[in-house]
Amino acid sequence: MHLGNRVTSVTSSGPQNADPRSPEEENGRDGRDGRDGTADHAGHDRRAGHDRYRDPWGIPHLRAADALRLSYAQGSVTARDRAWQLEVERRRSQGSSAAFLGAAEVPWDRFARQCMLDDTARRCFEALDPATAAWVRAYVDGVNDGLAAGAARDERFARTGLAPTPWEPWVPLGIWLSTHVLFAGFPTKLWRARVARALGDGAITLFATDGPGTAGSNGWLVPGERTSTGAAIIAGDPHRFIEDPGVYQQIRLACPEFDVVGLAVPGVPGLAHFGHTGTAAWAITNAMADYQDLYVERLTRVGGPGQERVEALGPDGAVEAVARHTERLTVAGADGAPATEVEVEVLETARGPVIIDTPEQSISLRYPARVRADLGFAALPALLRARSVADIDRAVDGWAEPVNVVHAADTAGGLLHRVAGAVPLRHRDNRLRPVPAWEPAYAWRGWAPLPAEPVRGVAVMANARGIASPLGVEFAPPHRAQRIGELLSGSGDWSAGDMADVHRDTFLGSAAALLDRLPALTGLSPAAAELRGRLLGWDRHMAADSTDATVFAALRTAVVRRIAADPVLAGLAGAPTGPSVFHPWQYLLPKVGYALEGLLTTGLLPGLDRAAHLRAALEETATADAPATAWSEVHRLAPWQALHDPGARWPGLGGDHDCVNATSSVPGVTDLTSRASAARYVWDLARREDSLWAVPLGADGVTGSAHHLDQLPLWARGELVPVVTDWTLLSKESI
């Protein structure tokens, strides 16, 4: 979400006669009435200024007298439905999750403190324009009023001893930052430095691919000339780690200024990523841009006990003071043991917070939100007020992070395909690896221009190289984008209901890299030759009921493990070093699994005998007796839960990493999938009521509730539920 040419405030795209004064300016205070924070600037009680409805899936539809009351209502209903999730995310953003989840969360909490997430969120909140700050504060007031009732619904609070505490007004910004701080995958730079040491600088991007530490999306825009209604359709699905509760919240927000349906991030007001205002709609995917840098610091400790200070070597040999303080983490004891404390030293150089400080190396992280005190939150209320593509375009000029590709369309035929976000201008090496802090060449030099291009035919965004290519290093393989384009080229009469066929497509384009090498293998046993014939006759669909898909996955696993064990990669086979929060980016076996296609074709590893590995893997798979198990029997969902539920039973799925139905396992490690479509949406610009959506679990975050898992079977089959817009078809709740 980049700060472009303008910062769009909460009032900038409203009616032309809107009162330009903020609530603070009108009231001369902080937007509250001085009592309990639940009244607006006119003294009206926001708790009495809204109505709450539900559709048959339990999805909240909120209607209020004005935008501030509506923001309050969104916070209140989210706390009622997802109090546990909100408190987990708040604690993660503040680095205090180990206090109730135990020692396993200490690495994250340490990183959150060292990275100064909460302090950065506070700075960003304090830098907001007054109207946007009041809007965020109204949401927080709603959360605070709803937390007690929400916690009473969820037994996990009692089980862990967690008691909700009042949110501070910058918590939504902290949750946003915590959710996205690793989104661009800066730990990959640590891996690339390791690759360069082991294999030389020429191999630094050898493992470049959409790996396990990143998250992507599919998105497509079908212009009106290609639809049955003559109006555009926007559809897609964000790919993230599937969590329980889900990372997206279906919701409707309506007041006299706007009426918007979309997908919210629980804990954050508005509809940042996906929304339909009735006359305009938007959606995003990860642009795969690189906008965070790691700097190797030369730190020196000066002074004795109690007087110690830290200095850093800056550009041109300058000695710089390093900000230093210590904090304490509380860690819940296991099995009734008392809590303990862990001390964390927090350092910040002129580049940014120090996130690694060991005898071997000190590394700081420079990221836009910390540098600019801007998370782009002014774009969020502006998006709610958007009536046209031009409004959306102006709103996302204020986007900061993560950097996204945006699709938008409106009922007048307007179309938009652009990048939004903050990407610093700097040396090319900054994008590849940690760079020396003392070298002036690696300093940031302003902000990169953001590409846009006209929509010709169907526009597709799927994290592959394309519109955002100048801004990144690693992109997704082209298979998802190409497949979506192929599927959409087959008709000029698309409807909203047809989009599910694209969502659930299971063709695996990346299978060719392995399968196309099988015919050249010689000296095979009869069993291996028979297995080769079976796989060469396979349709390459990772369908849920396919046994051939299971056999292919078994062969792929065998190939990955053999390549990872090859002596040519021995220099990368050691255990990861440094903070464990970065270890998922450091293991060789997953890296080989996700980069298999490139490793089978690259000329950078002349000593790698690919034919020998393929032959041995084929023999191994044939000897093991090709299983008659359907792919969905082994490719089962394994969502993340803050408290693991050993009794939970999750469905099997079709699809795979490079399918449009991108249910990602970790090839060579496991066939279970923890990353998939975190939501699916279809925005119809002809009739909003014909739009469709689905989430992996359900609208309610409380385990065992009626709407906790009611969308799961439909989602697993790739089906969607209607977006209900008729208020008479909704059930009104008492508040």
Side-chain angles (χ1 to χ4, degrees), residues 108 179-185 187-188 207 209-219 236-248 263 265 273-274 284-286 288 402 404 461-464 474-477 479-481 503-506 508-510 542 544 549 553 556-557 560 581-587 589-597 631-632 634-642 644 648 650-681 694-697 711-712 715-716 718:
W108 170 266
T179 300
H180 295 106
V181 67
L182 294 175
F183 202 76
T188 302
F207 293 87
T209 185
D210 182 20
T214 59
S217 309
N218 296 319
D237 56 323
H239 306 151
R240 295 195 177 213
F241 287 99
I242 304 302
E243 299 182 12
D244 179 13
V247 300
Y248 281 113
L263 297 161
V265 175
H273 288 156
F274 310 96
I284 59 91
T285 63
N286 182 3
M288 308 299 285
N404 291 324
M461 49 184 187
N463 320 118
E474 300 197 16
F475 294 85
H479 308 296
R480 286 187 285 118
H503 280 125
R504 57 177 166 246
D505 185 77
T506 60
L508 185 65
S510 60
M542 302 296 284
R556 180 176 60 185
T557 289
V560 167
V581 73
F582 306 138
H583 286 184
W585 286 265
Q586 308 296 311
Y587 289 106
L589 190 58
K591 286 291 187 181
V592 172
Y594 281 109
L596 179 61
E597 186 174 13
W631 176 229
S632 60
V634 296
H635 191 57
R636 305 189 71 83
L637 181 64
W640 180 84
Q641 299 170 297
H644 178 61
W650 302 100
L653 304 173
D656 198 50
H657 186 70
D658 289 320
C659 301
V660 178
N661 185 8
T663 55
S664 299
S665 57
V666 184
V669 177
T670 180
D671 289 327
L672 297 175
T673 180
S674 58
R675 199 182 82 181
S677 297
R680 297 189 180 106
Y681 60 90
V695 293
L697 305 184
Q711 294 184 53
L712 178 59
W715 174 85

Where [X] and [Y] come nearest, the two heavy atoms and their spacing:
{"X": "G668", "Y": "L589", "value": "O-CD2, 3.4 Å"}
{"X": "Q586", "Y": "P187", "value": "NE2-O, 3.3 Å"}
{"X": "H657", "Y": "A662", "value": "O-CB, 3.7 Å"}
{"X": "H180", "Y": "R240", "value": "NE2-NH2, 3.1 Å"}
{"X": "P477", "Y": "D658", "value": "CG-OD1, 3.9 Å"}
{"X": "M288", "Y": "A476", "value": "CE-N, 4.3 Å"}

Any donor and acceptor pair, going by atom type alone, linking the side chain of S674 with main-chain N or O of F241 inside 3.5 Å?
->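 Side chain of S674 to backbone of F241: no pair is present.
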Between Y681 and H503, how do the two ring planes meet: parallel, tilted or perpendicular, split at 30° and 60°?
->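 If you compare the ring of Y681 with that of H503, the planes turn out perpendicular.
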Distance check, rounded to the nearest 0.5 Å: [X] atom [atom1] versus [Y] atom [atom2]?
{"X": "T285", "Y": "H273", "atom1": "OG1", "atom2": "NE2", "answer": "10.5 Å"}
{"X": "D671", "Y": "R636", "atom1": "CG", "atom2": "CZ", "answer": "12.0 Å"}
{"X": "S677", "Y": "Y248", "atom1": "OG", "atom2": "OH", "answer": "11.0 Å"}

Mind running side-chain contact (heavy atoms from CB on, under 4.5 Å) on L712 and W650 for me, showing each step along the way?
-> CA-CA 9 Å; L712 178 59; W650 302 100; 4.0 Å; yes
Determine, step by step, whether H635 and M542 satisfy the side-chain contact (heavy atoms from CB on, under 4.5 Å) criterion, reporting the C-alpha distance in whole Å, the side-chain angles of both residues, the deciding distance to 0.1 Å, and the verdict.
-> CA-CA 10 Å; H635 191 57; M542 302 296 284; over 6 Å; no
A side-chain contact here means heavy atoms from C-beta on lying under 4.5 Å apart; do [X] and [Y] qualify?
{"X": "H239", "Y": "D237", "answer": "yes"}
{"X": "W715", "Y": "V695", "answer": "no"}
{"X": "D244", "Y": "W640", "answer": "no"}
{"X": "W108", "Y": "L182", "answer": "yes"}
{"X": "Q711", "Y": "P696", "answer": "no"}
{"X": "V669", "Y": "Y587", "answer": "no"}

Go through the side-chain N and O atoms of N286 and N463 and say whether any donor and acceptor fall under 3.5 Å apart.
->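 Judged by distance alone, the side chains do not pair up.
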Between D505 and N661, does a side-chain contact (heavy atoms from CB on, under 4.5 Å) hold up when you go through it step by step?
-> CA-CA 6 Å; D505 185 77; N661 185 8; 5.9 Å; no
Decide side-chain contact (heavy atoms from CB on, under 4.5 Å) for D656 and W631; before the verdict, give the C-alpha distance in whole Å, the side-chain angles of both, and the deciding distance to 0.1 Å.
-> CA-CA 10 Å; D656 198 50; W631 176 229; 3.8 Å; yes
